[in-house]
Asks: 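Dumping the structure here so I can ask a few things about it.
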Amino acid sequence: MTGVVLERFLADEAATARLGEDLAMSLRPGDVLALKGDLGAGKSSLARALIRAMTDDADLDVPSPTFTLVQSYEARVPVHHFDLYRLSSASELDELGFDEALAQGAALVEWPERAEAYLPKTSVLIELVHQDDGRLVRLSGQGAAVERAARSLAMREFLERAGWGEAQRRYFIGDASARSYEIVSLAGLPPRVLMNSPRLVLGPPVRDGKPYAVIAHTAQSVSAFVAIDRALRAGGVSAPEIHAQDLDQGFLLLEHLGSEGFLGQHGQPVAERYAAAAELLAMMHGKAWPDRIEAAPGLFHDVPPFDRDAMMIEAELLLDWYVPAMSGGPASDALRVGYTKEWNAVLDRLEGREYTLMLRDFHSPNIIWRGERTGHDRLGIVDVQDALIGPSAYDLASLAMDARVTISPEIERRTLDAYIAARHKAGVFNEDEFVETYAMMAAQRNSKILGIFVRLEKRDGKPYYLKHLPRIRDYLRRALAHPGLASLRDFYTAHGLLEERSL
């Protein structure tokens, strides 16, 4: 494996603190940062800045662990600060709980040479030496941790080019993908959002020589976000203004639309907000949207169609991941054949129905509530890169059967009614056809999500998504209750796909 080597000159303590922030933003459980340098070289200063950034506490007391040997801090990723200067033997790391620390957090290790073979080969070595009136820092290593650190340093350089080089960086949010977001702050200016969107790594071919992401039309680069964002803003939707962009590296500096989520203070759905979002969708669905959008001069994004192949491979995630987890074995050939037949019969009926720009993940995590504003401007929309041209009913199904929060049948009905009323008010609208399409898309989406949430646990080590499964099964039962989906409902019931199961 090729190693990574980076050098940076730190002119003063502020530059050292910024490096600490940059490293903090890249830190993940299991990472080890090995801090090497003479006494007074700046190891403790760097560690202090990193820990304060991780805990988001600029005044946090961060004592040197010279005598305690280890100090631990609760943070987004728990941080354990080791000073091994007084270690008499590397084996003492067992008594200090070094392995346990890495199992649930990250470690900063001063005097790492005393750890001998205990440090993982994937540790990031950070060497500090005095140079002129400042410090020279050298980062080296191999593996994901040092690659993340290098990317974080590249994000700082992006901020510098945008005039935000001295900004404070704080973790904001991550999602089920590799994307992450930070809040960056600079005195005298409104905070902004720093988006880190690495190019999608395509998996192995799964059908016809194509990876899953290609068939499902998952966005592969940040250019898709830029294009869709610009189209939405031009169409009267409050998507974030883009202040700076680096499409090659996947960095964006965005307007911060606000911090108030779409839910109440106890995480409950607020019916009025869901109705307002439904009315925004109704407005959007009354417009004509382009399917080819310029993301940068001469660079265009072609909005993919939500075609049958994409719908089917998403729905089949239920067979690929959910069924094996619930039954203890792979889906049988007979189940696959019957499932494909039933779904194809449903999708045949989409011919001629209303298609438009669909944002695909139009639900509470991606909607900001701005109650001080009026009309559609109360809703800030983010996470739009995976937009497709597909059935208009899909986004309403995503909203009214929110995967991350329990929507009662009553609030679902109010959300649907708000949309329908707005569409009727705007002009001719085929309500019966739309409601059936809504049920189809809700069934497709929730079948997909059952598979995705299991995949996130089994493949990606993210077990917290499993808590949502009972809700998704309930949504699926609701969708399949539509008379037009009776045959599909009978198939799901016959094969136990709607039963409550424990994973």
Side-chain angles (χ1 to χ4, degrees), residues 1 3-5 16-17 19-129 135 137-150 152 171 457 460-464:
M1 182 184 295
V4 173
V5 179
T16 300
L19 176 62
E21 287 186 353
D22 297 341
L23 293 172
M25 295 305 100
S26 74
L27 215 57
R28 299 291 184 272
D31 288 353
V32 174
L33 304 185
L35 306 177
K36 193 172 182 180
D38 293 334
L39 287 171
K43 302 186 299 295
S44 295
S45 294
L46 182 61
R48 187 177 304 113
L50 186 152
I51 291 167
R52 286 175 173 170
M54 288 295 296
T55 58
D56 195 17
D57 185 349
D59 299 319
L60 180 70
D61 183 31
V62 182
S64 171
T66 301
F67 295 101
T68 59
L69 300 187
V70 60
Q71 293 282 139
S72 297
Y73 302 88
E74 287 299 319
R76 172 180 59 86
V77 175
V79 182
H80 307 277
H81 184 192
F82 291 84
D83 185 327
L84 309 185
Y85 183 73
R86 297 177 61 249
L87 210 67
S88 57
S89 167
S91 62
E92 290 182 36
L93 282 170
D94 291 330
E95 299 173 29
L96 292 175
F98 188 73
D99 288 344
E100 292 85 349
L102 291 188
Q104 50 89 38
L108 309 182
V109 181
E110 298 188 43
W111 302 96
E113 58 271 23
R114 296 177 183 259
E116 298 175 356
Y118 274 77
L119 293 191
K121 289 186 170 59
T122 55
S123 299
V124 181
L125 178 61
I126 303 174
E127 300 172 273
L128 295 128
V129 296
R135 299 177 177 122
V137 61
R138 184 174 186 266
L139 281 75
S140 59
Q142 58 184 24
V146 73
E147 289 169 2
R148 275 188 268 105
S152 188
Y171 180 81
E457 189 267 337
D460 302 332
K462 298 178 178 181
Y464 35 88

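All values reported here derive from a predicted model rather than from experimental measurement. As a basis for the values below, the full set of heavy atoms in this structure was taken, side chains included, without hydrogen atoms, waters or symmetry mates.
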Asks: What distance do Phe82 atom CZ and Leu35 atom CG have between them, rounded to the nearest 0.5 Å?
Replies: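 Interatomic distance, Phe82 CZ to Leu35 CG, rounded to 0.5 Å: 12.5 Å.
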
Asks: If I take atom NE2 from residue His81 and atom CD from residue Gln71, how far apart are they, to the nearest 0.5 angstrom?
Replies: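 Rounded to the nearest 0.5 Å, the NE2-CD separation comes out at 8.5 Å.
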
Asks: Is it true that, when you exclude Phe67 itself, more than 12 heavy atoms of the residues, nucleotides or ligands shown sit nearer than 6.0 Å to its CZ?
Replies: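 For Phe67, atom CZ is not crowded (no more than 12 foreign heavy atoms under 6.0 Å).
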
Asks: Which of these, Leu84, Leu87, Asp83, sits in a side chain to side chain contact (heavy atoms under 4.5 Å, CB included) with Leu69?
Replies: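 Passing option: Leu87.
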
Asks: When you compare the side chain of His80 with that of Gln104, does any pair of heavy atoms fall below 4.5 Å?
Replies: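 Answer yes - side chains close enough.
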
Asks: Which atom pair, heavy atoms only, marks the closest approach of Met54 to Ala24?
Replies: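 Residues Met54 and Ala24, closest heavy atoms: SD-O, 3.2 Å.
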
Asks: Are the side chains of Phe98 and Val109 in contact, using a 4.5 Å heavy-atom criterion?
Replies: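 Touching, per the 4.5 Å side-chain cut-off.
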
Asks: Tabulate below the donor-acceptor pairs under 3.5 Å that side-chain atoms of residues 38-50 make, not counting sequence neighbours, or state none.
Replies:
unit_1, atom_1, unit_2, atom_2, d
Lys43, NZ, Gly37, O, 2.9
Lys43, NZ, Asp38, O, 3.3
Ser44, OG, Glu110, OE2, 3.4

Asks: Taking all non-hydrogen atoms of both residues into account, name the closest pair between Leu27 and Val77 and its distance.
Replies: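 Smallest heavy-atom distance, with atoms named: O-CG2, 3.8 Å.
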
Asks: Side chains of Asp94 and Tyr118: do they bring a donor and an acceptor to under 3.5 Å?
Replies: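 Result is yes, a qualifying pair exists.
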
Asks: Could you tell me whether a side-chain N or O of Arg52 sits under 3.5 Å from a main-chain N or O of Leu60, the two making a donor and an acceptor?
Replies: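 Yes, because the side chain of Arg52 sits within donor-acceptor range (under 3.5 Å) of the backbone of Leu60.
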
Asks: Given side chains that start at C-beta, do those of Val4 and Val124 come closer than 4.5 Å, heavy atoms only?
Replies: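 They are not in side-chain contact.
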
Asks: Measure the CG-CD1 distance between Asp61 and Ile51 for me, rounded to the nearest 0.5 Å.
Replies: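 Result: 10.5 Å between the selected atoms.
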
Asks: Would you check if Val70 and Pro65 make a side-chain contact, meaning some heavy-atom pair closer than 4.5 Å?
Replies: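 Result no, sub-4.5 Å side-chain heavy-atom pair not found.
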
Asks: Rounded to the nearest 0.5 Å, how far apart are CZ of Arg28 and CZ of Arg76?
Replies: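 Between atom CZ of Arg28 and atom CZ of Arg76 there are 5.5 Å.
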
Asks: Is there side-chain contact between Leu19 and Thr16, with at least one heavy-atom pair below 4.5 Å?
Replies: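 No. Closest side-chain heavy atoms not under 4.5 Å.
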
Asks: Is there a donor-acceptor contact under 3.5 Å from the side chain of Ser152 to the main chain of Asp22?
Replies: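 Yes; at least one donor-acceptor contact below 3.5 Å.
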
Asks: State the CG-CG distance between Leu119 and Leu93, to the nearest 0.5 angstrom.
Replies: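 If we round to the nearest 0.5 Å, Leu119:CG and Leu93:CG are 7.5 Å apart.
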
Asks: Examine distances only and state if a side-chain atom of Arg148 and a backbone atom of Ser26 form a donor-acceptor pair shorter than 3.5 Å.
Replies: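 Yes, Arg148 side chain to Ser26 backbone: donor-acceptor pair under 3.5 Å.
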
